Amino acid sequence: MDPVRQAKIAELRRLGIDPFPTEPFLVNTTAAQIFRYYPQQKLDFKSVRLAGRLWRKRLMGKASFAVLRDESGEIQLYFQRDDFAERPELYDIVFKKLLDLGDVLGVEGFVFTTKTGEITVHVQRFRLLAKCLRPLPIEKETEEKTYAAFTDPELRYRMRYVDLIVHLGVRDIFRRRTTIVQSIRDFFNQRGYLEVETPILQPVYGGAFARPFTTHHEALDMQLFLRISNELYLKRLIVGGFTGVYEFSKDFRNEGIDRYHNPEFTQVELYVAYQDYLWMMELVEQLLESVVRQTLGKTTVQYGEHEIDFAAPYRRVRYYDAIESSLGVNVRHLSERELIELLHQKNLPLPTPPYERADLIARLFDKLVEPSLIQPTFVMDYPIELSPLAKAHRTDPELTERFELIVAGKELANAYSELNDPIDQRQRLEKQMALRAAGGLEAMPMDEDFLRALEYGMPPTAGLGLGIDRLAMLLCNVPSIQEVLLFPLLRPE
RNA sequence: GACUCCGUAGCUCAGUCGGUAGAGCACUUGCCUUUUAAGCAAGGGGUCCUGGGUUCGAGUCCCAGCGGAGUCACCA
């Protein structure tokens, strides 16, 4: 804490001013409302009350200017000594000396326009609502230059409250993120799908392939995992008779951190009975077009150097065709040796063993094809080896009824016609376990309860996972996931 | 995990060839009744990330560590 400011607290108390008063301060307008309505309706602004942080002081002799920043924006304040004739120390001492930038302040007065044309609140009374004991990194801007910008990403994320105070644009990002989530929720609710909550603490993890976080329940003396996915629980609900369920799911993966990955992240997953992945593609197009329109008021979004158009329909391309048109080679029937040769040719390292042919192909796709897909593109019909929870393709048993939606070179959504044959499902999971065991990885117990649920019969179902963080990155035009997470994971201080 | 860059005042940064620690903003004091990056004048403020080493002397050079950013790898 700043000793100068601590001394000011003592001085305020001596003057009978509580630096942290209890009484509420009722506001009746905001900075943005004043700017919007005052020019037409001046009479409505004879007695305004607003609250926010003291953001700038331009002190002069008997009159001074200041700037107040509230949630809606900034507005200039005007103080005159004459207004405080009964207690001049309120102006000379309290306002001029004891109030600091960053203090939370309530003001009362009338709106006017200065000679230079700036809409300003002429303050007649003010009350300190909370003292700010640490100096804020307040930026000063001119047309050419920004002074003292608060830019260190670590500090911004570690002290997000300061970042939010200082950078109005950061608040906009998180408002927009909430708009995105709400418009997805509205879209699903309008169609009658049921929002549910399923366990975050799971005795067996599944539904994706990732290392989990492990924890322990004392009373049951039981190992538990933070979910890496909620897929298997939502499918149990389809077995249970719901025809459409979704969940905004915070998932946890014990893996590396980079600008696309945080150990906890958010997906929305949707499962709809009696539908397939072709139907789901159309739903996703409608969903995204609608969400983007509601969030931005149009269907296009600038992301880095690209303008991306979310208006339906989206291009559709089959997995092997996408690889062929990108590399000029049909890789589907190449031998393992030929695939390794191709990876060498393209200067790509091999995956860590044990790997299958499909893993080599996946590497080609991930490194060479996916990054080139900028406009929303459905890549369909993935190899069966890569998709253990997806139904085999109706016309080609080596493929699955699966699509990923790629936007700006990154996976945004993943969907299947869900595998509902319990015998096939068991075999596929067993094969995955065998592969893990061969790679020396810790064995993952089979989710027997999930298989039991399937044995009771799951209707044919279309399932979708959509990455909320990635969507927010796109619609906010930010290059890293940390910018759309209020509190991204950091090392301890 | 590998590599590259970075770490100096509350914030953003400069610091030459190794020779007394700097600027702007913020802060403190004074003047100023429509200013606006307000201005003018004066002033305070440093574990130069940490620990070693080289040197008469290290913010600067070397080594190690810690932290951050980026690229790659891992994450089917």
Side-chain angles (χ1 to χ4, degrees), chain A residues 1-5 7-8 55-67 74-83 91 96-98 100-102 112-120 122 132-159 162-163 166 208-212 228 253-263 265 347-363 365-367 382-389 411 414 431-432 435-436 439 441 479-480 482 488 490-493:
Chain A
M1 280 186 292
D2 180 8
V4 175
R5 295 195 181 195
K8 287 177 178 180
W55 204 244
R56 268 183 232 304
K57 285 163 83 179
R58 290 189 283 279
L59 299 183
M60 295 177 289
K62 295 170 187 143
S64 297
F65 292 88
V67 172
E74 295 176 1
I75 190 156
Q76 179 164 262
L77 306 177
Y78 179 66
F79 290 75
Q80 268 189 3
R81 184 188 283 155
D82 294 350
D83 292 315
Y91 176 80
K96 274 184 145 181
K97 303 205 168 163
L98 300 181
D100 289 299
L101 303 193
F112 77 110
T113 306
T114 65
K115 275 184 196 163
T116 53
E118 182 158 350
I119 293 173
T120 300
H122 186 126
C132 174
L133 288 174
R134 291 173 181 266
L136 282 169
I138 292 179
E139 301 181 346
K140 276 195 158 186
E141 283 176 46
T142 58
E143 277 142 28
E144 316 94 64
K145 219 180 148 187
T146 298
Y147 291 79
F150 181 60
T151 50
D152 184 327
E154 189 203 348
L155 288 177
R156 287 184 48 229
Y157 303 148
R158 207 178 276 294
M159 298 193 288
V162 173
D163 190 34
V166 172
F209 293 89
R211 193 185 316 157
I228 59 172
R253 297 186 181 175
N254 203 341
E255 285 159 8
I257 299 174
D258 62 29
R259 70 193 174 97
Y260 297 102
H261 299 89
N262 191 66
F265 65 102
N347 237 340
L348 291 173
L350 297 179
T352 42
Y355 49 77
E356 302 183 276
R357 278 183 69 253
D359 297 318
L360 300 172
I361 294 168
R363 174 150 298 228
F365 179 82
D366 292 348
K367 298 297 170 194
Y382 281 64
I384 197 162
E385 297 87 343
L386 301 176
S387 314
L389 298 166
E411 173 193 346
N414 182 21
K431 188 176 170 207
Q432 292 299 324
L435 278 174
R436 282 177 65 87
L441 293 170
S480 83
Q482 283 84 7
L490 300 171
R491 282 172 207 274
E493 271 183 89

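Lettering of chains follows the sequences in order, A, B, ..., and the numbering in each one begins at 1. The model shown is predicted, which means the values in this text are computed figures rather than measured ones.
- No contact: A/N254 has no heavy atom under 4.0 Å from any strand.
- In this structure, A/E118 places its CD atom 11 Å from P of B/rA38, rounding to the nearest Å.
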Taking only N/O atoms, report every protein-nucleotides 29-33 of chain B pair under 3.5 Å with atom names and distance.
{"residue": "B/rG30", "atom": "OP1", "partner": "A/K97", "partner atom": "NZ", "Å": "3.3"}
{"residue": "B/rG30", "atom": "OP2", "partner": "A/K97", "partner atom": "NZ", "Å": "2.8"}
{"residue": "B/rC32", "atom": "N4", "partner": "A/M60", "partner atom": "O", "Å": "3.4"}
{"residue": "B/rU33", "atom": "OP2", "partner": "A/K62", "partner atom": "N", "Å": "2.7"}
{"residue": "B/rU33", "atom": "O2", "partner": "A/Y78", "partner atom": "OH", "Å": "3.4"}
{"residue": "B/rU33", "atom": "O2", "partner": "A/Q80", "partner atom": "NE2", "Å": "3.3"}
{"residue": "B/rU33", "atom": "O4", "partner": "A/D82", "partner atom": "OD1", "Å": "3.1"}
{"residue": "B/rU33", "atom": "O4", "partner": "A/D82", "partner atom": "OD2", "Å": "2.5"}

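- The closest side-chain heavy-atom distance from A/C132 to A/D100 is not below 4.5 Å.
- Counting all heavy atoms, side chain and backbone alike, A/G61 lies closest to A/Y91 at O-OH, 3.1 Å.
- Contact of the A/E385 side chain with the A/K431 side chain is registered, since non-hydrogen atoms from C-beta on lie closer than 4.5 Å.
- Comparing B/rG70 with B/rG52, their P atoms are spaced 32 Å from each other, to the whole Å.
- Between A/R58 atom CZ and B/rA37 atom P there is a gap of 8 Å when expressed in whole angstrom units.
- For the C1' atoms, the distance from B/rA58 to B/rG19 is 10 Å, rounded to whole Å.
- Between A/R134 and B/rC27 there is no side-chain N or O to OP1 or OP2 distance below 4.0 Å.
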Collect all protein-nucleotide pairs involving nucleotides 3-5 of chain B in which both atoms are nitrogen or oxygen and the distance is under 3.5 Å.
none

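- B/rG15 and B/rU20 have their C1' atoms separated by 14 Å, given to the nearest Å.
- For the residue pair A/L59 and A/K96, the shortest heavy atom distance occurs at CD1-O, 3.5 Å.
- Between A/R211 and A/R5, the residue anchored nearer the 5' end of RNA chain B, judged by the nucleotide with its closest heavy atom, is A/R5.
- Taking atom P on both nucleotides, B/rC49 is separated from B/rU16 by 14 Å, rounded to a whole Å.
- Remark: B/rU47 base-pairs with no nucleotide; criterion is Watson-Crick or G-U wobble with both hydrogen-bond distances under 3.5 Å.
- Minimum heavy-atom separation, A/R259 to A/P479: NH1-O, 2.9 Å.
- Nucleotides B/rA21 and B/rC32 are separated by 35 Å at their C1' atoms, to the nearest Å.
- Counting to the nearest Å, the P atom of B/rU34 and the CG atom of A/D83 are 14 Å from each other.
- Closest approach of A/I75 and A/I119 over heavy atoms only: CG1-O, 4.0 Å.
- Here the closest non-hydrogen pair linking A/L77 and A/F79 is CB-CE1, 3.7 Å.
- Taking atom CG of A/L98 as the reference point, atom P of B/rU28 lies 10 Å away to the nearest angstrom.
- Using a 4.0 Å heavy-atom distance criterion, A/K8 is classed as a sugar-phosphate-only contact.
- Atom C1' of nucleotide B/rU28 and atom CG of A/L101 are separated by 14 Å, given to the nearest angstrom.
- As rounded to whole Å, 12 Å separates atom C1' of B/rU71 from atom OH of A/Y260.
- When both pairing distances are held under 3.5 Å, B/rG24 makes a Watson-Crick or G-U pair with B/rC11.
- Between B/rG67 and B/rU28, the two C1' atoms lie 33 Å apart (nearest whole Å).
- Counting heavy atoms from C-beta on, the side chains of A/R134 and A/V162 never come closer than 4.5 Å.
- Map A/H122 and A/P135 each onto its nearest nucleotide of RNA chain B; the residue landing nearer the 5' end is A/P135.
- A/F112 places its CZ atom 10 Å from the P atom of B/rU35, with the value rounded to the nearest Å.
- Remark: A/R211 CZ is loosely packed, at most 12 non-hydrogen atoms of other residues, nucleotides or ligands lying under 6.0 Å away.
- Picking from B/rU71, B/rU34, B/rU28 the nucleotide with the shortest atom distance to the side chain of A/R259 gives B/rU71.
- Nucleotide B/rU4 is matched to B/rA69 when pairs are restricted to Watson-Crick or G-U wobble geometry with both distances under 3.5 angstrom.
- Only the P atoms considered, B/rG57 is 38 Å distant from B/rA69, to the nearest whole Å.
- In terms of the ring-ring contact (aromatic ring centres under 6.0 Å, His included) criterion, residue partners of A/F65 (sequence neighbours excluded) are, by chain and number, A/Y78.
- Counting only heavy atoms from C-beta outward, the side chains of A/S480 and A/Y157 approach each other to under 4.5 Å.
- Here, B/rG22 and B/rU29 have their C1' atoms 23 Å apart, quoted to the whole Å.
- Here the side chains of A/L101 and A/K57 are in contact, with some heavy-atom distance below 4.5 Å.
- Under the Watson-Crick or G-U wobble criterion, with both distances below 3.5 Å, B/rC40 is paired with B/rG30.
- At a cut-off of 3.5 angstrom, the base of B/rU35 holds at least one donor-acceptor pair with the side chain of A/Q76.
- Atom CG in A/D163 sits roughly 13 Å away from atom C1' in B/rC11 (whole-Å rounding).
- Phosphate contact (OP1/OP2 of B/rA73, side-chain N/O of A/K367, threshold under 4.0 Å): present.
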